[in-house]
Protein chains: 2
Amino acid sequence: MTAPAGPEPSPGILAVDSGGSGLRVALGTVERGALGRRSSTVPVRTGARGIDPGHLMDQLVPMVRALATETGVTRPTSAVVGAAGLGTLGDALRADLPGALAREFGVRATALAADAVTAYTGALGSRPGAVVVAGTGLIAIGTDLRAWRRADGWGHLLGDCGGGAWIGRAGLEAALRAHDGRPGGSTPLLTCAEEQFGPLPGLPARLYPRPDRPAVLASFAPRVAACAASDPVAAGILRAAARHMADSATAVCPADGEPQVAVTGGLFKIGKPLLVPLEEELARRLPYARRVAADGDPLDGAVRLATDLAKDVLTLPGDEMMLYVVKGAP
Amino acid sequence: MTAPAGPEPSPGILAVDSGGSGLRVALGTVERGALGRRSSTVPVRTGARGIDPGHLMDQLVPMVRALATETGVTRPTSAVVGAAGLGTLGDALRADLPGALAREFGVRATALAADAVTAYTGALGSRPGAVVVAGTGLIAIGTDLRAWRRADGWGHLLGDCGGGAWIGRAGLEAALRAHDGRPGGSTPLLTCAEEQFGPLPGLPARLYPRPDRPAVLASFAPRVAACAASDPVAAGILRAAARHMADSATAVCPADGEPQVAVTGGLFKIGKPLLVPLEEELARRLPYARRVAADGDPLDGAVRLATDLAKDVLTLPGDEMMLYVVKGAP
């Protein structure tokens with residue numbers, strides 16, 4: 001009679017969040033969750049084939065090796081890669097990444113998720129509902145667990161209504177109205193804009209040549225929030241942003257059942273001047289939905305998805321553009 | 001006794017309109033106005049020193065030579081160069097162009113004018129009032145003959161409210177609202193947008209990488225106008241554009257006297273759907289001003305300025321950023 005074998009080791013999981021500010025990686029196990037995290041500030045390149053899977057792997061391999069040493073997790077069973085732009089720029093990722101992860105790390109099941117999906121899962125897990133994701137841009141994503149719905153996320157020239165660039169741009173427009181003597185202007189925002197950007201006649205020449213125009217616009221959003229307590233124009237901009245957010249949340253929220261609604265993303269750091277009107281607008285537009293705090297961030301969402309994938313209990317709807325699952329060696 | 005000399009020949013005049021779509025040039029005389037016109041589709045380069053006077057002269061010299069042969073005007077006494085960006089990008093022009101025109105053509109008096117000033121003068125001559133100039137962008141300019149006032153003209157991210165890019169962008173945003181199921185959407189504009197740009201999920205990838213984003217947005221403005229008769233969302237966008245135009249006109253219009261108000265620029269080709277609400281808004285906001293048709297275009301404005309300069313009767317206010325006059329050999 002042989003001694004009983006030890007407990008089967010818990011399957012390893014690999015979670016990746018790839019976005020405009022770089023790559024974040026977590027390695028862990030189904031039982032214990034993320035055991036180690038690493039990040040890089042180099043965004044994965046986008047080339048003629050879209051997001052470049054080779055550049056992603058070049059960064060990922062040394063990070064995962066280091067995490068394997070640190071955590072003892074040497075062979076993740078499942079991997080989830082959340083990527084900004086998966087829908088429109090993800091063809092090469094879908095074609096190459098599951099195979100590369102299998103060869104390099106022995107991964108047996110891979111899911112590629114839109115960044116909105118990892119944000120959703122980080123906030124609500126696999127419960128039905130709607131999540132507003134707001135940073136420089138803005139997108140709302142929702143699911144009834146049968147299909148995904150998205151609203152906005154069209155970028156700073158076509159939408160992203162209520163996001164950071166939208167708020168900052170509206171604030172600068174109000175500053176320039178005051179400068180010109182047009183109605184709807186705000187002298188407090190004019191003062192703030194001059195503090196931040198210098199004399200306003202020079203602002204166009206400083207803004208338009210930059211490649212990061214949306215981020216420059218979004219950098220003014222905290223000033224708009226700071227003015228809102230005493231300036232009705234600034235308060236009106238944040239109220240309008242809250243309405244746009246509620247519009248988008250309502251467009252994607254399941255119409256029946258008991259959906260949950262959460263918000264997530266860096267924009268909400270500006271706090272009460274935005275959150276107070278937002279709570280009012282959400283309560284008015286989605287009275288049947290339960291407002292909850294986000295459980296975690298997009299990397300937490302990828303960890304959750306990888307855990308469900310390893311346990312074969314992933315209940316969120318698959319969709320080539322939103323949540324693309326490949327099981328078995330490709 | 002000698003035969004009496006013939007009448008003194010009328011002084012020659014040179015007029016130039018330099019903008020984003022190229023260079024337009026007229027040569028003529030004080031007495032007879034423009035006798036010949038030439039145009040180039042190569043915009044004058046902007047470099048580290050701003051608008052490049054050398055590149056402008058490189059294009060101008062052969063055009064003026066050809067016009068001299070055609071018109072018999074060999075030595076213009078006065079020259080007016082209207083240039084987009086004179087205020088912020090005109091340092092090198094102010095420094096070099098009067099001397100270059102004197103050396104090359106024997107010009108004795110030069111005025112450099114902001115493109116808004118040539119548009120104003122083309123529309124109203126040297127009468128006091130306000131002019132709304134609308135193409136892809138939008139600026140209002142006014143004068144009481146003592147100083148110039150400007151409103152808006154801040155570009156597509158900071159203002160240009162009511163201009164072509166503004167209208168087109170608002171139309172595309174309404175199309176995408178309909179696509180997403182958000183409120184405020186327009187199904188007719190969605191149909192138009194898909195006809196013009198193809199399936200809308202591909203629009204961000206087609207728009208954002210282009211250098212001429214404002215022009216792409218403005219190219220949708222005629223569709224918004226075409227929908228306005230039957231679509232209240234499109235009509236609302238044009239009404240809002242008209243309000244913005246009236247805001248800007250009001251900000252620059254002299255508050256007393258008998259100012260005249262005109263509109264000029266390519267956007268007004270979209271016609272009644274914009275002009276009908278605009279007349280209403282202008283009548284409401286500026287009841288004491290007389291609404292007149294624009295006499296001519298910016299090149300006509302430069303011809304008028306050059307004529308007044310040659311006759312030494314220029315009454316419009318000088319201003320380094322708006323109308324910069326250099327007399328005598330520099």
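Naming: A, B, ... by sequence-line order, numbering from 1 per chain. The structure presented is a predicted model; accordingly, all values stated were derived computationally and were not measured.
What you find for A/W154 and B/Y208 is that their closest heavy atoms are O-OH, 2.8 Å. B/A251 and A/G181 get closest at one heavy-atom pair: CB-O, 3.7 Å.
Between B/L158 and A/P204 there is a side-chain heavy-atom pair separated by less than 4.5 Å. Using a 4.5 Å cut-off on side-chain heavy atoms (C-beta onward), B/R213 and A/L157 make contact. Side-chain contact check for A/D247 versus B/R177: some heavy-atom pair is nearer than 4.5 Å.
Heavy atoms closer than 4.5 Å to chain B are found in both the backbone and the side chain of A/H156. Neither the backbone nor the side chain of A/L89 has a heavy atom closer than 4.5 Å to any heavy atom of chain B. With a 4.5 Å cut-off on non-hydrogen atoms, A/R285 touches chain B through its side chain but not through its backbone. The parts of A/S248 that come within reach of chain B are both its backbone and its side chain, each placing non-hydrogen atoms under 4.5 angstrom from that chain.
A salt bridge between A/R150 and B/D180 is absent, with no side-chain N of the basic residue lying under 4.0 Å from a carboxylate O of the acidic one.
Contact count versus chain B (heavy atoms, under 4.5 Å) is highest, among A/A151, A/G184, A/G85, A/G202, for A/A151. With respect to chain A, the highest number of heavy-atom pairs below 4.5 Å among B/G159, B/C161, B/G87 belongs to B/C161.
Rounding to the nearest 0.5 angstrom, the gap separating the CD atom in A/E173 from the CG atom in B/D160 is 10.0 Å.
Of residues 162-171 of chain B, those residues lying under 4.5 Å from chain A by any heavy-atom pair are B/R169. Residue-level contacts of residues 129-143 of chain B with chain A do not occur; threshold 4.5 Å between heavy atoms.
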